[in-house]
Amino acid sequence: MKNFKSIFFIIFASIIFSLYLFETYLNMIDEKKDFKKIKKIYKSKTGKNFDERTPREVFEDVKDLGYVMSVPPTVHINKNSIILPLSGISKSETIVCNENGYYSKYKSDRYGFNNLDSEWDEKNIEFLLIGDSYVQGGCVNRPDDIASVLRDLSNKPVLNLGYGGNGPLIEYATLIEYFQPNIKNVLWFYYEGND
């Protein structure tokens, strides 16, 4: 009886493992088909080829021009340092990511966020945005990021303090560090999927 249970368990576990392995294989095939479809659509709409370079390859191509890569603050959490950067490098051409066929980029402000530096000099700031890559403008260029759209719609100053990979605690630290009395509204963007 004991031998039967062992054999039954081995067969059952093997079947379950095989089914999961097969499902993974099918998902990989679907992703490859989807990516080919996306590349074809991008080519037909823009006339350009989808940029398939890795972030490292992109950085190697443009680092001599003074570009930097967007590095999430979460990368620094377990470094045993007394300083935790909450943004990127200030006043730098920053490369973010590629989900739309091109690597998005922006010129960072004096604190390393995706803003025009002049936004910090405004007498009254209508909206301060806190969040992760959605707020930062990950994978889209200005004027398609949330802050730029809100700035255009409201015709009021907007500060964007979002950064990729941020969660509620780092966002709270960012709010404490950069909040000013001239800010009227704080908009916190929370995405349940990864925050």
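Please read these numbers as outputs of a predicted model, since none were measured by experiment.
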Student: Any chain of hydrophobic side-chain contacts (each under 4.5 Å) joining V96 to M69?
Tutor: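 Unlinked, V96 and M69 end up in two clusters.
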Student: For N115 and N160, indicate whether the former's side chain and the latter's backbone hold a donor-acceptor pair under 3.5 Å.
Tutor: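 Yes, because the side chain of N115 sits within donor-acceptor range (under 3.5 Å) of the backbone of N160.
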Student: Side chain to side chain donor-acceptor pair (under 3.5 Å), that's the test. Do N49 and K43 meet it? Break it down for me.
Tutor: CA-CA 6 Å; N49 289 325; K43 176 77 171 177; 3.2 Å; yes
Student: Would you please say whether a donor-acceptor pair under 3.5 Å links the side chains of N124 and K184?
Tutor: no
Student: Does R142 reach the main-chain N or O of K107 with its side chain, forming a donor-acceptor pair under 3.5 Å?
Tutor: yes
Student: When you measure from the side chain of S90 to the backbone N and O of G112, does any donor-acceptor pair fall under 3.5 Å?
Tutor: no
Student: Does the ring centre of Y42 sit less than 6.0 Å away from the ring centre of F50?
Tutor: yes
Student: If the threshold is 4.0 Å, N to carboxylate O, is there a salt bridge linking E122 and K156?
Tutor: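 No.
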Student: Would you find more than 12 non-hydrogen atoms of other residues, nucleotides or ligands less than 6.0 Å from N78 atom CG?
Tutor: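 No.
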Student: Ring centres of F113 and Y178 under 6.0 Å apart?
Tutor: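 Centroid separation for F113 and Y178: below 6.0 Å.
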Student: Quick test of your reading of the model: are K39 and E52 salt-bridged, counting only N-O distances below 4.0 Å?
Tutor: yes
Student: Please tell me whether S118 and D121 have a donor and an acceptor in their side chains that are separated by less than 3.5 angstrom.
Tutor: no
Student: Taking atom types as modelled and ignoring hydrogens, do the side chains of S104 and E99 form a donor-acceptor contact shorter than 3.5 angstrom?
Tutor: no
Student: Please evaluate residues S70 and Q136 with respect to the criterion side chain to side chain donor-acceptor pair (under 3.5 Å), reporting the C-alpha separation (whole Å), side-chain torsions for both, the decisive distance (0.1 Å), and the verdict.
Tutor: CA-CA 10 Å; S70 176; Q136 180 188 15; 3.2 Å; yes
Student: Is the backbone of V68 close enough, under 3.5 Å, to the side chain of S92 for a donor and an acceptor to pair up by distance?
Tutor: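 No, S92 side chain to V68 backbone: no donor-acceptor pair under 3.5 Å.
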Student: Is there a donor-acceptor pair closer than 3.5 Å between any side-chain N or O of D51 and the backbone N or O of R53?
Tutor: yes
Student: Donor-acceptor check, side chain of S148 to backbone of D144, threshold 3.5 angstrom: yes or no?
Tutor: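 Checking the backbone N and O of D144 against the side chain of S148, no donor-acceptor pair under 3.5 Å is found.
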Student: Between the side chain of N185 and the main-chain N/O of E126, is any donor-acceptor distance below 3.5 Å?
Tutor: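 Checking the backbone N and O of E126 against the side chain of N185, a donor-acceptor pair under 3.5 Å is found.
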